[in-house]
Amino acid sequence: MAARSKARKRALDLLFEADVRGTDAVSTVAERIAAGAGPPLADYALTLIEGVVQQRARIDEVIATYAEGWEISRMPGVDRNVLRIAVWELLWGEVPDGVAINEAVELAKTLSTDDSPRFINGVLGRVALAHPAAAG
């Protein structure tokens, strides 16, 4: 697994944990680092977590707009956080759209429901089409 793929997975783990616990993800990361818990945190994982936390309101607004018929609160937690990472990468990141979408779909294939990869691909495809200037 490539370094950025591992970083995305680690960011997802920590964002999901914070989501389930109802805590701030940056605080969760700080706790893990202070406790020496889990594998080391790659710089890109921290970039993703901080980016998602800083832009969360806008990210959730974008997801809600393009998730057609799905409320964010009703999505599986893994899907919700995979989408948050990918939307951040599409709108503020430096990776090509196709890479961000593919990485999100792969995470969903590995960690979520059978229907999740198709759902995530559809939402992110609509985001990428609607925001081409912002998506790099």
Practice problem: Output yes when Arg4 and Glu103 qualify as a salt bridge under the 4.0 Å nitrogen-oxygen rule, no when they do not. | Solution: no

Quiz prompt | Sub-4.5 Å side-chain heavy-atom contact between Glu17 and Asp13 | solution = no

Quiz item: Which pair of heavy atoms, one from Val123 and one from Ala67, lies closest together, and at what distance?
Solution: CG2-CA, 3.8 Å

Exercise. Starting at OG1 of Thr113, measure out to CZ of Arg118 and round the result to the nearest 0.5 Å.
Key: 9.5 Å

Practice problem: Write down the atom of Lys109, the atom of Pro117, and the distance for their closest heavy-atom approach. | Solution: CG-CG, 3.5 Å

Self-check item: Glu31/Arg21 ion pair, N-O < 4.0 Å
Solution: yes

Quiz prompt | Charged N-O contact under 4.0 Å between Glu89 and Arg8 | solution = yes

Practice problem: Nearest 0.5 Å please: distance from the CD atom of Gln55 over to the CG atom of Leu91. | Solution: 8.5 Å

Practice problem: Locate the shortest heavy-atom distance separating Ala18 from Asp24; write the atom from each residue and the value. | Solution: CB-C, 4.1 Å

Quiz item: Do Ser116 side-chain atoms and Ser112 backbone N/O form a donor-acceptor pair below 3.5 Å?
Solution: no

Exercise. With rounding to the nearest 0.5 Å, note down the distance linking CH2 in Trp88 to OG1 in Thr47.
Key: 6.0 Å

Self-check item: Nearest-0.5 Å distance, CG of residue Leu48 to CD1 of residue Ile85
Solution: 6.0 Å

Practice problem: With sequence neighbours left out, write down each residue that passes side chain to side chain donor-acceptor pair (under 3.5 Å) with Thr28, or none if nothing qualifies. | Solution: Thr23

Quiz item: Between Leu14 and Leu41, does a side-chain contact (heavy atoms from CB on, under 4.5 Å) hold up when you go through it step by step?
Solution: CA-CA 10 Å; Leu14 291 163; Leu41 191 63; 3.7 Å; yes

Self-check item: Distance-minimising heavy-atom pair for Gly51 and Ile59
Solution: O-CD1, 4.4 Å

Quiz item: For the residue pair Phe119 and Trp70, does the interplanar ring angle fall in the parallel (under 30°), tilted (30 to 60°) or perpendicular (over 60°) class?
Solution: tilted

Exercise. First locate atom CG of Leu83, then atom CD1 of Ile120, and finally report the distance between them rounded to the nearest 0.5 Å.
Key: 5.0 Å

Quiz item: Do you reckon Leu129 sits in the same ILVMFWY cluster as Val99, going by side-chain contacts under 4.5 Å, direct or chained?
Solution: no

Self-check item: Ile72 side, atom CD1; Glu61 side, atom CD - distance, nearest 0.5 Å
Solution: 9.5 Å

Quiz item: What heavy-atom pair brings Ala45 and Arg10 nearest, and what distance separates the two atoms?
Solution: CB-CB, 4.4 Å

Quiz item: Can you tell me if Arg84 uses its side chain to pair, donor with acceptor, with the backbone of Val52 under 3.5 Å?
Solution: no

Quiz item: Is there a donor-acceptor pair closer than 3.5 Å between any side-chain N or O of Asn81 and the backbone N or O of Gly77?
Solution: yes

Self-check item: side-chain contact (heavy atoms from CB on, under 4.5 Å) between Arg80 and Asp19, intermediate numbers included
Solution: CA-CA 9 Å; Arg80 181 172 46 246; Asp19 201 19; 2.8 Å; yes

Quiz item: Between Val78 and Leu12, what is the shortest heavy-atom contact and its length?
Solution: O-CD1, 4.0 Å

